[in-house]
Number of protein chains: 2
Amino acid sequence: MDLTRKKRTRLYEDVVEQIRRLIVEGTLAPGDQLLPERQLAEKLGVSRSAVREALTSLVSLGLLEITPGSGAYVKEIKIDQLIDPLASIMLKEINDVFDILEARQVLETGSARLAAQRAERTDLYELHEFLRDMENDVNEGRDTDESDSQFHFSVVRASHNTVLINLMTVLMGLMKEYYGPSRKRLVENRPYREMWALQHTEIYEAIKSGDPEQATDAVAKHLDTTIKEFRRLQGTDE
Amino acid sequence: MDLTRKKRTRLYEDVVEQIRRLIVEGTLAPGDQLLPERQLAEKLGVSRSAVREALTSLVSLGLLEITPGSGAYVKEIKIDQLIDPLASIMLKEINDVFDILEARQVLETGSARLAAQRAERTDLYELHEFLRDMENDVNEGRDTDESDSQFHFSVVRASHNTVLINLMTVLMGLMKEYYGPSRKRLVENRPYREMWALQHTEIYEAIKSGDPEQATDAVAKHLDTTIKEFRRLQGTDE
DNA sequence: TGGTCTAAACTGGTCTGGCCAATTTCTATA
DNA sequence: TATAGAAATTGGCCAGACCAGTTTAGACCA
């Protein structure tokens, strides 16, 4: 009848907590090396297996990075580490693949509008780089997957809004997880790849000319055709 | 000089990935029990310690829950659990409080546009409820914090896009974390609360009438005034 | 027959000790 | 002095064992 302690605390959790505190409090800075597992075990008075489980947990939490033969190092936390769990949560709720594309449309049109107002020389340069990358990919028959994502990401980055950038990171992770396969078939369709490259150019020009409305429309149009093409591909399945 | 494989894959990571896929793909539903560690080890042809590290990792990722003496169970996870870590990561990168509001503007205007096209009777009813809640709060001098958030959330829900809804959840968590204090002063300002209630009505009417453009504009205007008022309040600080 | 209590089986938690492979450090040699 | 090779260190993985709870099944009683 002891309601105070709901579940027995596991040993490795204590270890996790101790190390976590050191990191959060700054005693252990990113890049610092932890004591070797064997020494940690001795120092904390637990077995190496307990220490190992703790370290495994901390790696999963994104706080550590372990190099075999070398040691465990404190890691700099980035948003990417949260995307996997985030994706697995959202994926279960998503009924329709197009929800992701639609969300992208919302996010990217808004970002493009801001980008048109704020893009700096370096942003435009980056956009142009990825634009050229994609054209090259198309011309040489390569996969445009990477250059396409990069371009879209650049648009959002050009908005200079860190929150939007992070949300876009989430969406990108979601996309990879969700429709990697169907995407393949889409990008293999040559006419569409060419149309895409063209539409990317339109987006780029709109942002460069600083016209928010035009930029918004260009992105909306681009994703509209993407969604339509996805629908068509899906239609041929059934 | 082998650039293809940056780091050797650890055994337990494979196990993590296998189990994760089963969960994400739905083969393992929340509440399901996994095989005992010893059986898993045998089945996968690895040692029990490898399995244990994999399970430890999955627990840290929030996908499993383990009860000593009983077994490992697939956990039902909600997005809320990830908001805290997500917020702590994003907060470090956010330079400007207004990035959050701006992101909300992007997300909510897009959602409102969709809501105008898709809102069903139940959605409109819900919106109307929260509208009335807020009016009551204003009239009786109560805090409008809750009813305000609820209304905005309802707009996004009426878009019937689960991805947008989840992103909005993230933003809401971020808001709470970031500007709880300044927000208080804002909602204490009576004239603004009244204007807000009025603008909410406009949003509601626009969605009800099924006019996407009008809905978009109404939300944009509403958040514009919010942002301006925030700026004004911040200006008085310094 | 139906319910209860107990003992065995099972399950996760932890430990010990060992071997391997990669990395780092040290050392002897050119 | 520079470098190649040996030795020590470190994490990855394994086998087997014991403990402390939980679950299960069977014996026993009403």
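All heavy atoms count here, side chains included; hydrogens, waters and symmetry mates do not. None of these values were measured; they are calculated from a predicted model. In what follows, chains are A, B, ... by sequence order, proteins preceding strands, each numbered from 1.
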Which nucleotide in the list [options] gets nearest to the side chain of [X]?
{"X": "B/Ile66", "options": "D/dG12, D/dC14, C/dG13", "value": "C/dG13"}
{"X": "B/Ser47", "options": "C/dG13, D/dA15, C/dC15", "value": "D/dA15"}
{"X": "A/Leu11", "options": "C/dG13, C/dC15, D/dG11", "value": "C/dC15"}
{"X": "A/Gln39", "options": "C/dC15, D/dG12, D/dT10", "value": "D/dT10"}

How close or far is atom [atom2] of [N] from atom [atom1] of [X], stated in whole angstroms?
{"X": "A/Arg52", "N": "C/dT16", "atom1": "CZ", "atom2": "P", "answer": "16 Å"}
{"X": "B/Glu53", "N": "D/dC13", "atom1": "CD", "atom2": "C1'", "answer": "8 Å"}
{"X": "B/Arg38", "N": "D/dC14", "atom1": "CZ", "atom2": "P", "answer": "16 Å"}
{"X": "A/Leu40", "N": "D/dT9", "atom1": "CG", "atom2": "P", "answer": "17 Å"}
{"X": "A/Glu42", "N": "D/dT10", "atom1": "CD", "atom2": "P", "answer": "12 Å"}
{"X": "B/Asp14", "N": "D/dG12", "atom1": "CG", "atom2": "C1'", "answer": "13 Å"}
{"X": "A/Leu55", "N": "D/dC13", "atom1": "CG", "atom2": "C1'", "answer": "15 Å"}
{"X": "B/Glu37", "N": "C/dG13", "atom1": "CD", "atom2": "P", "answer": "6 Å"}

Does B/Glu17 pair with B/Arg20 as a salt bridge, N-O distance under 4.0 Å?
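Salt bridge flag = yes for B/Arg20 with B/Glu17.
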**Q.** Side-chain heavy-atom pair B/Met134, B/Phe151 within 4.5 angstrom cut-off
**A.**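 No, every pair of side-chain atoms sits at 4.5 Å or beyond.
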Does a side-chain heavy-atom distance below 4.5 Å link A/Leu171 with B/Leu167?
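Result yes, sub-4.5 Å side-chain heavy-atom pair found.
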- Message: Once salt bridge (Lys or Arg N to Asp or Glu O under 4.0 Å) is applied, do any residues pair with A/Arg52, and if so which ones, sequence neighbours excluded?
- Response: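 So A/Arg52 forms a salt bridge (Lys or Arg N to Asp or Glu O under 4.0 Å) with A/Glu37, B/Glu53.
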Item checked: Listed partners of A/Asp137 passing salt bridge (Lys or Arg N to Asp or Glu O under 4.0 Å), at least two apart ->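 With sequence neighbours excluded, A/Asp137 shows a salt bridge (Lys or Arg N to Asp or Glu O under 4.0 Å) to A/Arg142, given in chain and number order.
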DNA chain C: 5'-proximal contact among B/Leu34 and A/Ala50 (nearest heavy atom):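 Its nearest nucleotide lies further toward 5', so the answer is B/Leu34.
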Terminal helix-axis angle for the helix from C/dT1-D/dA30 to C/dA30-D/dT1, with five pairs defining each axis and rounding to 10 degrees: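 Terminal axis comparison yields 0°.
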Could you tell me whether the side chain of A/Arg48 has a donor or acceptor atom within less than 3.5 Å of a complementary atom in the base of C/dG18?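 For A/Arg48, whose side chain was compared with the base of C/dG18, there is a donor-acceptor pair (under 3.5 Å).
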Check your understanding: Quick one: does B/Arg10 reach the base of D/dG11 with a side-chain donor-acceptor pair under 3.5 Å?
Key ->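 Answer is no: no donor-acceptor pair is held.
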task = Look at the side chain of A/Ser149 and the backbone N and O of A/Asp145, then say whether any donor-acceptor pair between them is shorter than 3.5 Å.
result =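 At least one qualifying donor-acceptor pair exists.
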With no hydrogens and no angle check, is any side-chain donor or acceptor of A/Asn139 less than 3.5 Å from a backbone partner on A/Glu135?
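Yes; at least one donor-acceptor contact below 3.5 Å.
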Exercise for review: May I ask you to say what A/Ser70 touches in the nucleic acid, namely base, sugar-phosphate or nothing, with a heavy-atom cut-off under 4.0 Å?
Suggested key: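 Sugar-phosphate, backbone atoms only, no base.
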